[in-house]
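As structure tokens, the structure follows; a few thoughts come after it.
Bear in mind the structure is a predicted one, so any value in this text is a computation, not a measurement. Proteins get letters first, then strands, A, B, ... in listed order; numbering begins at 1 in each.
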Amino acid sequence: MSQTKEIPLMEKIVSLCKRRGFIFQSSEIYGGINGFWDYGPLGAELKRNLRDTWWRAMTRDREDVVGLDATIIMHPAIWKASGHVDTFSDPMADCMVTKKRFRADHVESQSGTVYSYLGAIAKEGREAAEPLLAGEKLGDVVRHLDFDQQKLNEGFYVAHDALKKKLEPAVYDAVESKAHGVRFSVLLPPGKPPESARKVAVQFYEGRGLKEPTLFGETTAKIENSRAFNPENGAQLTEPKPFNLMFHTFVGATASDDDKAYLRPETAQAIFAQFKNVVDSTRQKVPFGICQIGKAFRNEVTPRNFTFRSREFEQMELEFFIKPDEAIEAVCGSVVQWSESADLSTPQPNWGWEMWHRYWVAQRTAYYAGIGLGADVLDYYWQGKADLAHYARACVDILFKFPFGTEELEGIAARGDFDLTAHQNASGKPQEFFDDEVKQAFAKWNDEQRAALVARKQAENAAKEKGALPAEKVAEWCERLFKGFYVPHVIEPSAGLDRLALAVLALAYTEVEKTDAKGAKETVTVMRFHPRIAPKKVAVFPLLKNKPELVAKARSVYDLLKKHLAADYDEGGSIGKRYARQDEAGTPFCVTVDFDTLGERGPELLDTVTLRHRDDGSQERVKISDLLGRLLPLVS
RNA sequence: GCGGGUAUAGCUUAGUGGUAAAGCUCCAGUCUUCCAAACUGGCUAUGAGGGUUCGAUUCCCUCUACCCGCUCCA
């Protein structure tokens with residue numbers, strides 16, 4: 001019976017990642033840097049495989065998606081147009097009693113009575129000071145105690161200093177160490193008794209180290225629609241502090257404010273910014289997509305959960321451009337509605353944004369299944385109206401059951417024409433696509449039909465809660481559409497590569513109980529990666545390393561395989577140790593060259609090797625000439 | 001950023017105000033036969049910076065990183 005305490009699964013995974021060279025802490029020899037992680041030799045291979053499977057599934061296997069590889073630093077105007085410079089700045093405020101943190105702009109606005117206090121004194125200080133006070137009120141003494149630079153400027157210092165001179169040093173000392181002249185307020189909704197405000201205020205001063213505090217200087221005031229108080233207990237929040245998630249840099253050596261630029265917080269905006277160039281250079285017609293894999297940077301408030309939320313991370317994003325539903329209506333007569341029984345296997349001309357959105361959810365789900373992430377480990381979260389940004393029509397998160405909780409791997413949003421329109425407006429360059437098919441379709445419409453569409457669009461627009469346009473803009477938009485011009489709408493599947501790597505690491509991690517030759521139980525770790533994404537596909541060993549003929553043969557097998565597969569050669573330690581090493585690296589196949597391979601037991605075994613399978617340890621005898629034919633289909 | 005916890009070798013742990021211990025891993029060697037075998041030898045550590053002290057890995061302070069919660073999202 002071992003008494004080793006249970007180590008949490010996540011810690012074991014982190015430990016294995018370091019031990020085997022999947023993931024290291026960045027800059028570790030200098031103490032590390034918060035929110036940054038490096039991929040070691042096996043991690044780099046794993047990540048590359050994931051990247052390659054995505055790239056292949058998203059663009060090479062398709063005719064309607066092309067790739068892009070844009071810079072990390074782009075014109076700063078891109079981030080103003082996209083809204084990131086403004087909206088990526090989250091104001092945060094903390095509850096002064098519970099320390100709970102709030103997005104200051106998300107705090108529920110409240111009305112009621114504000115109870116304010118000038119300060120408080122602990123019971124011990126009050127009892128010590130009261131008999132000694134010469135005509136001064138204890139509350140007046142307390143109020144002038146704590147002061148900062150701003151208060152000094154406001155003349156508080158004079159009052160404080162005068163008081164100090166006036167009072168007996170013994171009284172002053174008794175009060176100073178046991179009291180706080182710090183203002184604090186509590187908001188009470190109508191109908192609540194003042195005692196509940198006092199209770200919260202007492203908690204606040206207790207939190208600052210005062211025992212059994214007496215409050216001083218209570219005043220009340222009515223307040224309407226304030227976001228400055230914690231809705232749960234009414235306690236005052238700290239002043240909102242902005243947290244801007246954009247990383248800044250400077251382009252040019254002078255590093256002046258004019259040279260300010262940003263590291264991209266997402267790869268998507270480059271796709272929008274290059275939309276016209278791609279259209280003009282590829283013969284692609286809407287519907288089509290542009291995808292990109294690359295680094296992105298966010299100055300996260302709290303990087304957490306190993307690589308899950310990093311400040312530098314890699315995204316795999318697709319922007320799939322589609323016709324507006326009104327164009328589909330003109331071309332096909334109607335837009336097909338999504339239903340549970342809809343066939344999502346092959347895109348159809350009469351699909352509107354909703355079908356395309358569902359289609360991409362299905363495509364992405366199939367992708368995950370293809371690398372071993374099946375329905376049992378994934379989950380979906382369909383964002384409700386309240387979660388959605390005003391420009392988004394729908395968004396679903398694909399979630400993975402991580403050891404630390406079920407968290408997002410990928411978001412698939414239907415974003416309308418928001419992004420391209422934003423860049424069109426900001427840059428002054430039209431981002432419209434000319435669609436002859438749409439032009440021809442509308443050419444068959446009469447004036448009445450057109451007027452009806454304009455009226456319908458205007459009515460829909462007027463009914464919007466947020467982001468409604470002037471009616472004449474809607475009419476303008478319709479007129480452009482009738483001529484075949486529109487800003488494409490977009491479906492955006494956006495996945496985190498590092499999150500995917502972490503997910504497959506967590507999923508692969510398996511502990512197997514083994515009993516060794518001496519009967520002792522031990523736990524060994526096997527990384528059960530899907531063979532398509534395993535960092536190394538095959539490892540080759542000579543059974544014994546001190547026999548030159550075995551080594552030479554094993555090396556020749558290794559040379560044969562490594563041209564086609566990520567292969568490893570290992571002759572260190574015993575054969576069992578080598579298998580165990582490869583199990584921890586997640587190598588699905590091992591090949592061992594023995595004396596039979598050299599023909600020692602007859603010609604029928606000549607040039608055959610042992611092929612050992614990672615997941616069940618089973619072995620089979622395979623001809624060297626058959627190895628590639630056996631392995632390649634399993635790993636690609 | 002706030003609150004709580006942690007920091008000794010590649011990993012898992014031990015220990016001490018006075019030379020830092022072990023197992024596993026790793027490296028080299030012996031071994032003709034397939035799942036961390038055995039044997040021999042070897043490398044490697046007190047997160048960083050201050051302070052107290054004759055002397056600090058140990059006591060104190062600051063910083064950093066990691067883990068949990070708040071928060072956030074790819």
What's the CZ-C1' distance between A:R51 and B:A74, to the nearest Å? 15 Å
Judged by each residue's nearest nucleotide on RNA chain B, which is more toward the 5′ side, A:R578 or A:Q383? A:R578
Nearest whole angstrom, please: distance from the P of B:U6 to the CZ of A:R304. 16 Å
Using a cut-off of less than 4.0 Å, is there contact between a side-chain N or O of A:T592 and OP1 or OP2 of B:C34? no
Separation of B:C2 C1' from A:L237 CG (nearest whole Å): 13 Å
Return the nearest nucleotide to the side chain of A:Y579; candidates are B:C35, B:U33, B:C73. B:C35
Choosing from B:C68, B:C11, B:A65, which nucleotide comes nearest the side chain of A:R19? B:C11
Checking contacts here: which listed nucleotide (B:A37, B:A74, B:U33) is nearest the side-chain heavy atoms of A:E600? B:U33
A:K12 NZ - B:C67 C1' separation (whole Å): 16 Å
Rounded to whole Å, the CZ-P distance (A:F306 to B:C66) equals 11 Å
What residues, two or more places apart in sequence or in another chain, satisfy side-chain hydrogen bond (donor to acceptor under 3.5 Å, both in side chains) together with A:Q274? A:N277
For each nucleotide in nucleotides 26-31 of chain B, reading 5' to 3', give B when a protein heavy atom comes within less than 4.0 Å of its base, S when such contact involves only the sugar-phosphate, and - otherwise. SS-S-B
Whole-Å distance between B:C66 C1' and A:N34 CG? 9 Å
